[in-house]
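For the numbers below, each heavy atom of this structure counts, side chains included, while hydrogens, waters and symmetry mates do not. Each ligand, and each atom within it, is numbered from 1 in the order the structure gives. This is a predicted model, so every value here is computed, not measured.
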Amino acid sequence: MKILAISGSLRAASTNMALLRAACRLAPPGMIVSLYDGLGHLPIFNPDDDIEPGIPAVEDFRRRLRQSDGVLVACPEYAHGVPGGLKNALDWIVASGELVDKPMALFHASARSDISRQALAEILVTMSARLIREATVTVPLLGRNVGEMDDILIQPGVEADIRAALVGFATAVGAMRQTVAVAG
Ligand SMILES: Cc1cc2nc3c(=O)[nH]c(=O)nc-3n(C[C@H](O)[C@H](O)[C@H](O)COP(=O)(O)O)c2cc1C
């Protein structure tokens, strides 16, 4: 089972990216979590530019989504909103539909950010993604250094929470794949 992980933060020392790296490390057997690092290379969405031949960075993003069984997103809140880079990436795939029926999990590296969480969930549901609520996890990393991350993640509760969310995600993705196979 292939999961594409997307951080809404482009910061080199991003806690959201660190959380996704932890997910890569803690993924259960049979699940491979790989990081998408192209968010900052996508041009600003303009429907007029969404023509053949496709823009390579956009095509690569779409291909990686199509090849994934599920998508994991960790994202900060900026001024009560979803960061522009992530929203821009999502705008590129509204019409092409790579998120339609795609199982998605949201990981949170801050215990705040309620407004952008709701906004992101609304955007994803509008795009017909399947949000797997039981795969949501919050690890309060706000203000931490990435260098401290190992110390945080080895705490039993934190590691267990991430593992449990990933197992919940794997179960939901597996069940949805089975439903599609039976229907097909
Ligand atoms: C420009 C800017 C605006 C922010 N606005 C908010 C906000 O409205 N609400 C909030 O909870 N945090 C806000 N924050 C804090 C970030 O969401 C927080 O630092 C985040 O966890 C950083 O994620 P990262 O370590 O992955 O970059 C803001 C940070 C920046 C840089």
Side-chain angles (χ1 to χ4, degrees), residues 2-27 31-45 57-58 60-61 64-65 68 70-93 98-99 102-127 129 131-169:
K2 291 185 192 166
I3 304 298
L4 188 64
I6 303 173
S7 167
S9 172
L10 299 179
R11 261 182 359 108
S14 164
T15 52
N16 284 281
M17 184 59 98
L19 183 54
L20 294 178
R21 286 205 185 91
C24 295
R25 207 190 309 162
L26 300 174
M31 175 187 274
I32 297 168
V33 180
S34 54
L35 298 171
Y36 174 65
D37 61 1
L39 208 69
H41 302 294
L42 294 171
I44 294 181
F45 176 63
V58 174
D60 174 66
F61 180 47
R64 292 194 64 179
L65 287 167
S68 300
V71 178
L72 175 57
V73 173
C75 182
E77 174 169 297
Y78 289 163
H80 287 183
V82 176
L86 179 62
K87 182 62 169 68
N88 181 56
L90 294 173
D91 288 345
W92 276 110
I93 54 172
E98 280 77 12
L99 288 191
K102 187 73 80 179
M104 293 194 66
L106 302 183
F107 277 20
H108 304 292
S110 164
R112 305 188 324 205
S113 73
D114 290 348
I115 298 171
S116 63
R117 287 185 196 198
Q118 284 175 22
L120 181 57
E122 175 65 24
I123 292 163
L124 296 174
V125 168
T126 301
M127 293 172 71
L131 274 188
I132 310 301
R133 308 276 176 183
E134 57 269 32
T136 301
V137 71
T138 298
V139 181
L141 301 176
L142 187 65
R144 301 289 193 148
N145 297 321
V146 172
E148 297 170 331
M149 213 59 59
D150 277 346
D151 295 339
I152 296 160
L153 296 179
I154 58 170
Q155 291 172 26
V158 171
E159 179 173 331
D161 285 353
I162 295 172
R163 283 190 192 278
L166 291 170
V167 168
F169 195 33

Exercise. Among Arg11, His108, Arg112, which one has a heavy atom closest to atom 10 (C) of ligand 1?
Worked result: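 The nearest heavy atom belongs to Arg112.
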
Exercise. Looking only at heavy atoms, what is the nearest atom pair of Ser7 and Asn16, with distance?
Worked result: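 It is OG-CB, 3.8 Å.
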
For this session: Quick one: closest heavy-atom pair of Pro83 and Gly8, and the distance?
Result: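 In this case the closest contact between Pro83 and Gly8 is CB-O, 3.7 Å.
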
Exercise. At what distance is the nearest protein heavy atom to atom 19 (O) of ligand 1, and which residue and atom is it?
Worked result: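 Checking every protein heavy atom, the shortest distance to atom 19 (O) of ligand 1 gives Leu142 CD1, 3.4 Å.
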
For this session: If you have a sec, work out which protein heavy atom is nearest atom 20 (C) of ligand 1 and how many Å separate them, to one decimal?
Result: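 That would be Pro76 CB, 3.6 Å.
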
Would the distance check show the side chain of [X] and the main-chain N or O of [Y] forming a donor-acceptor pair, the cut-off being under 3.5 Å?
X	Y	value
Ser14	Leu10	no
Glu77	Ile115	yes
Lys87	Ile123	no

For this session: Heavy-atom distances under 4.0 Å are what count here, so tell me which part of Asn16 touches ligand 1: side chain, backbone, both or neither.
Result: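 Both backbone and side chain of Asn16 come within 4.0 Å of ligand 1.
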
For this session: Would you mind telling me if ligand 1 is within reach of the side chain of Glu77, the backbone, both or neither, using heavy atoms under 4.0 Å?
Result: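 Both backbone and side chain of Glu77 come within 4.0 Å of ligand 1.
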
Atoms of ligand 1 less than 4.0 Å from [X] heavy atoms?
X	answer
Ala79	3 (C), 4 (C), 5 (N), 6 (C), 7 (C), 8 (O)
Ser9	24 (P), 26 (O), 27 (O)
His80	7 (C), 8 (O)
Tyr78	2 (C), 3 (C), 4 (C), 5 (N), 28 (C), 29 (C), 30 (C), 31 (C)

Exercise. Does an N or O anywhere in Ser110 fall below 3.5 Å from an N or O of ligand 1?
Worked result: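 No, Ser110 has no N/O under 3.5 Å of an N/O on ligand 1.
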
Exercise. Looking at CD1 of Ile162 and OG1 of Thr138, how far apart are the two atoms once the value is rounded to the nearest 0.5 Å?
Worked result: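 Going from CD1 on Ile162 over to OG1 on Thr138, the span is 10.5 Å.
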
Problem set entry | Partner residues of Glu159 under the salt bridge (charged side-chain N to carboxylate O under 4.0 Å, His left out) criterion, sequence neighbours left out |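 Checked Glu159 against salt bridge (charged side-chain N to carboxylate O under 4.0 Å, His left out); matches are Arg163.
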
